[in-house]
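Chain letters run A, B, ... following the sequence lines, proteins first and then strands; every chain starts at 1. Note that the structure is a prediction, hence the values are computed from the model and not measured.
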There are 2 protein chains.
Amino acid sequence: MDHIRKPNPTIDDVALKANVSTATVSRFLNDPKRVREATGLRVKRAVEELGYAPHFGGRALAMNSTDTIGAVVPTIENAIFARGIQAMQERLAQDNVTLLIASSNYDTKQEWQQIQALVARGIDGLLLIGKDRDPSVYAFLKNRGLPYVLAWVWNDDRDHTYVGFPNDASSQELTKRVLEKGHTNIGMIAGVLADNDRARARVSGVRTALANADLSLAPDQLIESVYDMRSGANAFKSLMAQSPRPTAIICGNDVLAAGAQMGARELGLIVPDDVSVVGFDDIDLASGISPPLTTVHVPHRRMGNSAAELLLDMRAGRQVSSQRIDTTIVMRGSLAPPAM
Amino acid sequence: MDHIRKPNPTIDDVALKANVSTATVSRFLNDPKRVREATGLRVKRAVEELGYAPHFGGRALAMNSTDTIGAVVPTIENAIFARGIQAMQERLAQDNVTLLIASSNYDTKQEWQQIQALVARGIDGLLLIGKDRDPSVYAFLKNRGLPYVLAWVWNDDRDHTYVGFPNDASSQELTKRVLEKGHTNIGMIAGVLADNDRARARVSGVRTALANADLSLAPDQLIESVYDMRSGANAFKSLMAQSPRPTAIICGNDVLAAGAQMGARELGLIVPDDVSVVGFDDIDLASGISPPLTTVHVPHRRMGNSAAELLLDMRAGRQVSSQRIDTTIVMRGSLAPPAM
DNA sequence: TTGCTAAATGTAAGCGCTTACATTACGCGC
DNA sequence: GCGCGTAATGTAAGCGCTTACATTTAGCAA
């Protein structure tokens, strides 16, 4: 298993072997139509025989474009972003653009590093999640004229290009459904709120809906939790330790909601008879667990697709505007009226 | 929101502004110690004022290295690979190496395209999942002297560098546990077997264990299914439609097993009283659903970490050898003796 | 101060590619 | 077969960076 790195074949090697000029090789590679068929065939054969692949650096240098778009997501371990990112990648691939994914672990500092790393790689555009970040980040991007899109969030200001949905409004709508079932004592398991405007907006949506019904979220009815099932289960248990016990738990996302159900089982409580649980995102898991989750359906694939198209358009110098993606509430078995 | 792309500042701009040569700028950027402090300060200021970031292409061209490692995984939507890949990324980041992730949708042709795309980007090393692929792929990689590692799979041949576990042995071990509970009529929901040696090895492990107990897997006791919960549920139902009904279902991974449990609920069957279900991988989901899954625990993070280190070593020209990662069986509530 | 050595800095070539412009070949009507 | 317009191909410059080698500067001993 020796891996002696041979000097890779260059376009000159191909040109020599195919008995054409480098320009012709380049043309064939980038747009075969610009070369006569017979010539193209010779080039093709040479490329194959040599195992030639164009040198990215050389190309980037000559074209001043990398056909690459970057994305910094909070996490790749979590299903929340995976589907949207996958859709984005597929859309970009149609235009022969590669997606570079980096993850920030929900950490502002790491996010900044990843942004710099991506920019240094000469990306043509950048996708970021949410809006909350130091103004200097935006200043940096604008100064470099680097197109960027903020996803999983929507806002009607004109400061940035958004593709997403208003987390607060969706959350408010969901809460309304819970209230309509007759719940008056509601708890919430939120994601970690620091540096996470989506998580905060989801809380504030709940607060608004409660306020409209002359209710509110007491401090000990709101627990922050990291995004995994175990933590969700624990948060659920502390919420249940209070008296009177909440009859419905609104979770910042489906992973936490699944965790809450897990916690309920561990306490011997039946969802939704003893307590209702609702989530947010409608990832696969939401409909796969029992009882299936009432949740906010987010059209992740559509959002990823839109993000890709926005970035593609911006790269081409076209004018774009923010895309609002509408969410819907899906009612499933985990939400029912409170027990009497 | 105008994104007029200004010509980015180059190293010459910085050199001019700092009143030094480009060589000095380059030296300062790559290793500040090689420049006098006062000079470095001038350069630093110039860099900041201009918002300069070195052009990746130029650098790659001059150094013939990109500090980038590529990985082609079958899917990023699925939790199976996410955790390992995340760990790999973290380890690479310690050495200032970026991980480029591409997904092949479990399709050989797409995988080949992605490999080429990554190679064209000048990656210094490549991670692939599983062993099954056209020999020409390996010929291509070896011909270019590109270090690569095959992960999620282990084999004692010396043809490649592996980091993973023997899927067949792990699967055989799991099956043994099922047999020990007294099951004699066993069904299996496998992943799609074509072009997927891991999925096939898991089936063959089951077969071996059954054969050792003088049992076997009849054709209609094995169903292939794509990796999502809904399909798993459907596969489960067809398995259950047979008579006599299997008393235990072995699933190719945890997602399918979760799907099987979902199917069971839909049929009104209780797991594990009416039927046992076991999975493979031990992703988060496995312990989060009810009943929690008996499954094969794969140390994904350790595997990702090892993969990163192997690739880093190979890049540095060091000799390496395959890493075997050991799996363990975790017994949880989804497996019980068959009903009488 | 002078002369020497080592450290700091500068000069310029070249990495592999694309593309504007220059040149050559092809195919067609006569 | 000739001449022409167009399509195909070739030539060579230059993209931004690193680095071997050349030159200058600083620091120090005498």
Side-chain angles (χ1 to χ4, degrees), chain A residues 5-44 46-47 50-68 96 119-124 144, chain B residues 5-44 46-47 50-68 96 116-117 119-124 144:
Chain A
R5 300 201 67 169
K6 306 173 192 166
N8 285 334
T10 72
I11 200 172
D12 293 286
D13 300 330
V14 177
L16 204 67
K17 185 154 210 160
N19 202 27
V20 295
S21 73
T22 61
T24 298
V25 176
S26 173
R27 281 190 278 257
F28 173 76
L29 258 25
N30 291 301
D31 184 7
K33 286 190 295 296
R34 280 188 295 169
V35 155
R36 204 151 29 111
E37 195 169 331
T39 319
L41 231 59
R42 290 214 309 285
V43 174
K44 187 156 173 257
V47 165
L50 292 167
Y52 169 79
H55 187 287
F56 178 69
R59 184 187 214 122
L61 195 50
M63 300 207 307
N64 198 35
S65 154
T66 53
D67 288 346
T68 301
N96 289 311
V119 166
R121 299 191 108 65
I123 50 168
D124 298 335
R144 292 189 68 100
Chain B
R5 301 201 67 170
K6 308 174 191 166
N8 284 333
T10 72
I11 200 170
D12 293 287
D13 300 329
V14 177
L16 203 66
K17 185 153 209 160
N19 201 25
V20 295
S21 73
T22 60
T24 299
V25 176
S26 173
R27 281 190 278 255
F28 172 76
L29 258 24
N30 291 301
D31 184 5
K33 287 189 293 297
R34 278 188 297 169
V35 157
R36 202 148 34 109
E37 196 170 330
T39 318
L41 230 58
R42 290 215 308 284
V43 174
K44 186 156 173 257
V47 166
L50 292 166
Y52 168 79
H55 187 287
F56 180 68
R59 187 188 211 120
L61 196 49
M63 301 206 307
N64 198 34
S65 154
T66 53
D67 288 346
T68 301
N96 288 312
Q116 289 197 299
V119 168
R121 302 191 96 70
I123 51 168
D124 298 336
R144 293 188 67 102

- Assign each of B:Thr22 and B:Ala62 the nucleotide of DNA chain C bearing its closest heavy atom; nearer the 5' end lies the nucleotide of B:Thr22
- Item | For B:Asn96, all residues meeting side chain to side chain donor-acceptor pair (under 3.5 Å), sequence neighbours excluded | none
- Where the side chain of A:Thr10 is defined as all heavy atoms beyond and including C-beta, which of C:dT18, C:dC17, D:dT9 is the nearest nucleotide? C:dC17
- Message: I need the CG-C1' distance between A:Asn64 and C:dT18, as an integer number of Å.
- Response: 12 Å
- Task: Decide yes or no on side chain to side chain contact (heavy atoms under 4.5 Å, CB included) for B:Val20 and B:Thr39, but give the supporting numbers first.
- Result: CA-CA 8 Å; B:Val20 295; B:Thr39 318; 3.6 Å; yes
- In whole angstrom, what separates A:Arg59's CZ from C:dT19's C1'? 13 Å
- Note on the structure: Between CG of A:Asn19 and P of D:dA8 the distance, given in whole Å, is 18 Å
- Message: Taking any heavy-atom pair under 4.0 Å as a contact, classify A:Tyr52: base, sugar-phosphate, or nothing.
- Response: sugar-phosphate
- Message: Taking 4.0 Å as the cut-off, does a side-chain nitrogen or oxygen of A:Arg36 come that near to OP1 or OP2 on D:dA8?
- Response: no
- Which residue, B:Leu61 or B:Arg27, contacts DNA chain D at a nucleotide closer to its 5' end, judged by nearest heavy atom? B:Leu61
- N or O in side chain of A:Asn30 less than 4.0 angstrom from C:dT18 OP1/OP2: yes
- Query: So, is B:Arg34 close to the C:dA7 phosphate, meaning a side-chain N or O under 4.0 Å from OP1 or OP2?
  - Reply: no
- Task: Pick base, sugar-phosphate or nothing for A:Ser26, based on heavy-atom distances below 4.0 Å to the nucleic acid.
- Result: base
- Item | Options C:dT9, D:dG16, D:dA8, nucleotide nearest the side-chain atoms of B:Thr24 | C:dT9
- Item | Any B:Val25 side-chain heavy atom under 4.5 Å of B:Leu29 side chain | yes
- Message: Can you measure B:Asp31 atom CG to D:dC17 atom C1' for me and round it to whole angstrom units?
- Response: 17 Å
- Specify the separation, in whole Å, of atom CZ of A:Phe56 and atom C1' of C:dG16. 13 Å
- Task: Round to the nearest Å and state the distance from B:Phe28 atom CZ to D:dT19 atom C1'.
- Result: 18 Å
- What residue among B:Asn30, B:Thr66, B:Asp67 forms side-chain hydrogen bond (donor to acceptor under 3.5 Å, both in side chains) with B:Arg59? B:Asn30
- Query: Can you tell if the side chain of B:Phe56 reaches within under 4.5 Å of the side chain of A:Ile123, non-hydrogen atoms only?
  - Reply: no
- Query: Whole Å only: how far is the NE2 atom of A:His55 from the C1' atom of C:dG14?
  - Reply: 13 Å
- Report the distance from atom NZ of A:Lys33 to atom P of D:dT6, rounded to the nearest whole Å. 21 Å
- Below 4.0 angstrom from OP1 or OP2 of C:dG10, is there any side-chain N or O of B:Ser21? yes
- A:Ile11 or B:Val35, whichever maps to the more 5' nucleotide of DNA chain C: B:Val35
